[in-house]
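What follows is a set of notes on a single structure, which appears directly below.
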There are 2 protein chains.
Amino acid sequence: MPHTKAKPVVNTRIQARNKELILEAALDVFSASGFRGATVDQIAAKSEMSKPNLLYYFRRKEDIYVALLEHTLSDWLEPLRELNPEGDPLTELARYISAKMQMSEANPKASRLFANEILHGAPMIEKFLKGPLRHLVAEKCQVIQSWIAAGKIAPVDPYHLIFAIWAVTQHYADFSVQVDAVLGRREDSRAAEKAVLEILLRGLQVKQY
Amino acid sequence: MPHTKAKPVVNTRIQARNKELILEAALDVFSASGFRGATVDQIAAKSEMSKPNLLYYFRRKEDIYVALLEHTLSDWLEPLRELNPEGDPLTELARYISAKMQMSEANPKASRLFANEILHGAPMIEKFLKGPLRHLVAEKCQVIQSWIAAGKIAPVDPYHLIFAIWAVTQHYADFSVQVDAVLGRREDSRAAEKAVLEILLRGLQVKQY
DNA sequence: GATACCCTTGACCATTTGATCAAGAATTAT
DNA sequence: ATAATTCTTGATCAAATGGTCAAGGGTATC
């Protein structure tokens, strides 16, 4: 009987620790260089592990990448999920925008990882985009639509409003090099958050009579 | 005397034609796969040219990439350059936003090429960002500031307003896969443009008394 | 129509890189 | 203790890929 490569059956402490180390290193490398640009050697070096050892935990480079995406996808949705239909619209949207700005500030690497994946046609997360993401957005757009119908915010297309929020907030993570270059300094995240809130929300206020 | 590789001295018709063919093919390939992901073979195949012949026109892969970026960088600035200090602020900004939306629609590949370059730290166009781009933006921010001082538009940070315009307009090119997935269909560029104008400009109107 | 330069390519090379393997070290279970 | 399993790695491989070379085919100019 030929020897077939054995994979561990159980999940040991060492596995948990090393997989975590690998994913951490992989986020650095993939977010900086993209899938094709990243090399297994780089990830192995950054996780202080030999390449064969790394490949013992994740058989293929692609497996690391997919695991990494899945590992953070649901986190990404969380702030939108928390948009509360019962709350005050402008407060809720402000909270959502602030949360997204803070995610960009706290974890720009994850943001760049997604940006890169989507930029290249989202081959790995197509199902996520067309499934969970699409459905959650549809649900929240209904909420926004109901706010509009109730005259609580100005009538704007909810889908495009959400796209605008995503675009602007993630811009500060994904294009930080450009932002810093144009400002001539490191961007001040507090000032950015304040400005973004004004720009995106001011137009939603219904005029007072 | 050893034979040293001779490069053409003049610019012939054939050179002009082939360089153009190569850049066209390269835009396809680089925008789809990024610098590292793209291969010289792919570009050669798409320009219907042998690899050595392609490398006769551009010695290195990087040379194609840089030429491509330079080839389109100044186009990218043009709409902002046209922002007219003498014009009506909201009309001028609307024109700028519309122009950017139409660029995203007409040439999403160029947009993705830049997005990818900036996402990866802009190693090739750092000077452009810190030079021409920064100076043009500074100039136009002064214009916006003067409109604010004159009470013609609401007081918002001009830099972040420009970032928001860039972010939103380019989102439709760079993240079109996500936009289409969330909408469940091909995005309608007219509807998008209308929505974006509303979202970005409504908040800039000064309240009427 | 000869001459000089430009254009084109098949064959090739060196390096990088994703992945494998066999064998030994460490850990866990009995 | 010892057997079974998991963990680790140096050596190696095959494929992909950026780039070279020498030689032959075209084109423009005189």
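Labels below follow one simple rule: chain letters A, B, ... track the order of the sequence lines, proteins then strands, and each chain is numbered from 1. These numbers were taken from a predicted model, which means no experiment stands behind them.
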Could you tell me whether the phosphate oxygens of C/dC7, OP1 or OP2, come under 4.0 Å of any side-chain nitrogen or oxygen in B/Gln15?
yes

Ignoring the backbone of B/Tyr57, work out which of D/dT9, C/dA19, C/dC7 is nearest its side chain.
C/dC7

For a quick check under 3.5 Å, do B/Glu193 and B/Tyr172 share a side-chain donor-acceptor pair by atom type?
no

Establish, from distance only, whether the side-chain atoms of B/Arg186 and B/Ser176 form a donor-acceptor pair under 3.5 Å.
no

Any donor and acceptor pair, going by atom type alone, linking the side chain of B/Ser104 with main-chain N or O of B/Thr169 inside 3.5 Å?
yes

From CG of B/Leu55 across to P of D/dC21 the rounded distance in Å is 12 Å

Sugar-phosphate, base or nothing in reach of B/Arg36, heavy atoms under 4.0 Å:
sugar-phosphate

Taking OP1 and OP2 of C/dC6, is either one under 4.0 Å from a side-chain nitrogen or oxygen of B/Asn53?
no

When we call it a touch if two heavy atoms are under 4.0 Å apart, what does B/Ala44 touch: a base, just sugar-phosphate, or nothing?
nothing

Between A/Met49 and the options A/Asn18, A/Ile43, A/Leu55, the side chain to side chain contact (heavy atoms under 4.5 Å, CB included) test singles out A/Asn18

Could you tell me whether the phosphate oxygens of C/dT28, OP1 or OP2, come under 4.0 Å of any side-chain nitrogen or oxygen in A/Arg13?
yes

Check whether any side-chain N or O of B/Asn18 sits under 4.0 Å from OP1 or OP2 of C/dT8, and answer yes or no.
yes

Given atom OH of B/Tyr56 and atom P of D/dT27, what is their separation to the nearest angstrom?
13 Å

Could you state the atom-to-atom distance from CD1 of B/Ile14 to C1' of D/dA28 in whole Å?
10 Å

So A/Thr39, base contact, sugar-phosphate only, or nothing? Heavy-atom distance under 4.0 Å.
sugar-phosphate

Ignoring hydrogens and geometry beyond distance, is a side-chain donor-acceptor pair present between A/Ser50 and A/Asn53 at under 3.5 Å?
no

Rounded to whole angstrom units, what separation is found between the CZ atom of A/Phe30 and the C1' atom of C/dG18?
11 Å

Between D/dT12 atom P and A/Lys51 atom NZ, what is the distance in whole Å?
14 Å

Between atom CZ in B/Arg59 and atom P in C/dC7, what is the gap in whole Å?
14 Å

Could you tell me how far apart A/Gln42 (CD) and C/dT16 (C1') are, to the nearest whole angstrom?
11 Å

Can you tell me the distance, in whole Å, between the CD atom of A/Glu48 and the P atom of D/dT9?
11 Å

